[in-house]
Amino acid sequence: MQIKALTVVLATLFALGPGQALGAQVPMSGGRLADTKVPVLLGVMSACPDALVCESVFNHVIQRVGDKVDLSLTFIGTPNASEPDFGVTCMHGAVECAGNVQELCAMKYTERSMWWRFIQCQNFKGRDEVGKPETALKCAKAVDIDWENSDVGQCAGTDGSGKGEEGVQLLLESVKNTTNLGIEKSCTVLISGKQVCIRDGTWKACEGGHAPEDFIRQINEEYTRLNTASSGME
Ligand SMILES: *[C@@H]1O[C@H](CO)[C@@H](O)[C@H](O)[C@H]1NC(C)=O
Ligand SMILES: *[C@@H]1O[C@H](CO)[C@@H](O)[C@H](O)[C@H]1NC(C)=O
């Protein structure tokens, strides 16, 4: 058994780049090797009703298969040098740009369990509240993010405005990324880089379904595929 396990370690280390090997291959508690997570990307606008629906569906998904998923959000907007605060036009106004920045900074500087609950909290307050400084500060408190004294506040603005320099830069980068990925509608769901569903007023182009269990099934299938292919031991 030990020799077989060692072979797996060596085979997996060999398959990874040198930078990845150390971080990715820490044995997990059961003695199993770290696995390859399924990349799940949501193209959203923070104050968009369809994004709120999507993120609520994915809240169920993450509860069930969160440990198999590498979740991230990418924001939809238009770079616009005439916009005084954000340099980006957001469909639901500047307050939405602020909400996008708050979420980007939380994502960059906290664990997923924290930033995901932060977003859920903002959504729970209602889409007209997303992006307001008081919403960000209250939600940070609710999920134990020390906004004022942490990198999150530094990034997004300690006053909660979303106008921190780093955060504004992240927003521009994020909307450019979104355009490059060909994502136009909030919300667009990508699993392993492949568009699997859009929520735009109604659900569209969701061949595999749009209920939590449909995404869970697709993630489980992709997880099996990724972790069978990369081990080379099947
Ligand atoms: C760019 O921003 C200005 C200032 O807010 C606005 O008047 C204009 O409509 C925006 N342009 C686009 C293409 O969104
Ligand atoms: C933009 O995309 C690059 C390449 O995938 C990624 O490394 C970066 O984190 C993304 N930036 C944001 C703000 O999402």
Side-chain angles (χ1 to χ4, degrees), residues 16-24 36-48 50-51 54-55 58 62 69-120 122-123 128 130-132 136 140 145 147 150-157 160-196 198 200 222 226 230:
L16 288 163
Q20 286 173 290
L22 283 175
T36 304
K37 311 282 188 207
V38 178
V40 174
L41 182 64
L42 306 179
V44 292
M45 306 187 275
S46 63
C48 169
D50 295 305
C54 235
E55 287 162 358
F58 269 82
I62 292 304
V69 167
D70 179 6
L71 180 67
S72 50
L73 268 50
T74 192
F75 290 92
I76 296 165
T78 312
N80 180 348
S82 311
E83 290 286 1
D85 292 324
F86 296 102
V88 168
T89 297
C90 297
M91 188 185 277
H92 304 88
V95 67
E96 177 172 73
C97 285
N100 297 351
V101 170
Q102 293 155 1
E103 295 180 4
L104 281 163
C105 289
M107 282 192 278
K108 177 160 180 185
Y109 288 112
T110 70
E111 298 284 310
R112 186 183 73 199
S113 61
M114 265 191 183
W115 66 254
W116 183 246
R117 281 190 297 134
F118 175 74
I119 291 174
Q120 295 293 325
Q122 289 201 308
N123 293 354
D128 295 330
V130 174
K132 291 184 181 173
I145 294 174
W147 189 277
S150 72
D151 290 336
V152 181
Q154 202 63 32
C155 169
S161 64
K163 294 178 191 168
E165 198 182 322
E166 184 188 1
V168 169
Q169 204 50 48
L170 279 177
L171 175 61
L172 185 61
E173 188 184 309
S174 178
V175 301
K176 286 181 180 167
N177 278 359
T178 307
T179 303
N180 289 339
L181 289 163
I183 296 173
E184 293 175 347
K185 300 289 184 194
S186 169
C187 163
T188 300
V189 181
L190 278 76
I191 296 179
S192 269
K194 183 169 169 280
Q195 183 188 304
V196 298
I198 291 174
D200 181 25
E222 181 63 6
L226 285 174
S230 72

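Atom set for the values below is all heavy atoms of this structure, side chains included, hydrogens, waters and symmetry mates excluded. When a ligand or atom number is given, it counts from 1 through the structure's own listing order.
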Note, F75 side chain near E103 side chain (heavy atom, < 4.5 Å)
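In contact.
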Any side-chain heavy atom of T110 within less than 4.5 Å of one from F118?
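The answer is no, as the side chains (C-beta and beyond) never meet within the 4.5 Å cut-off.
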Cys pair C97, C90: SG separation below 2.5 Å
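Yes, disulfide present: SG-SG under 2.5 Å.
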When rounded to the nearest 0.5 angstrom, what is the spacing between NZ in K185 and CG in D50?
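With rounding to 0.5 Å, NZ (K185) is 10.0 Å from CG (D50).
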Could you grab the distance from atom CG of L41 to atom OG1 of T178, nearest 0.5 Å is fine?
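Rounded to the nearest 0.5 Å, the CG-OG1 separation comes to 7.5 Å.
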For F86, ring-ring contact (aromatic ring centres under 6.0 Å, His included) partners two or more places apart
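ring-ring contact (aromatic ring centres under 6.0 Å, His included) check on F86 returns nothing, list empty.
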Residues in contact with ligand 2, criterion: heavy atom under 4.0 Å
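Shell around ligand 2 (4.0 Å, heavy atoms): L170, E173, S174, N177.
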Lys/Arg-Asp/Glu bridge criterion (N-O < 4.0 Å) met for E222, K194
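Judged by the 4.0 Å cut-off on N to carboxylate O distance, E222 and K194 do not form a salt bridge.
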Which of the atoms of ligand 1 are close to N80, meaning less than 4.0 Å from one of its heavy atoms?
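Near N80, meaning under 4.0 Å from one of its heavy atoms, ligand 1 has 1 (C), 2 (O), 3 (C), 8 (C), 10 (C), 11 (N), 12 (C), 14 (O).
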Just jot down the ligand 1 atoms closer than 4.0 angstrom to any heavy atom of E83, in number order.
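Those atoms are 2 (O), 5 (O).
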For ligand 1, find out whether one of its N or O atoms is nearer than 3.5 Å to an N or O atom of S82.
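There is no such contact.
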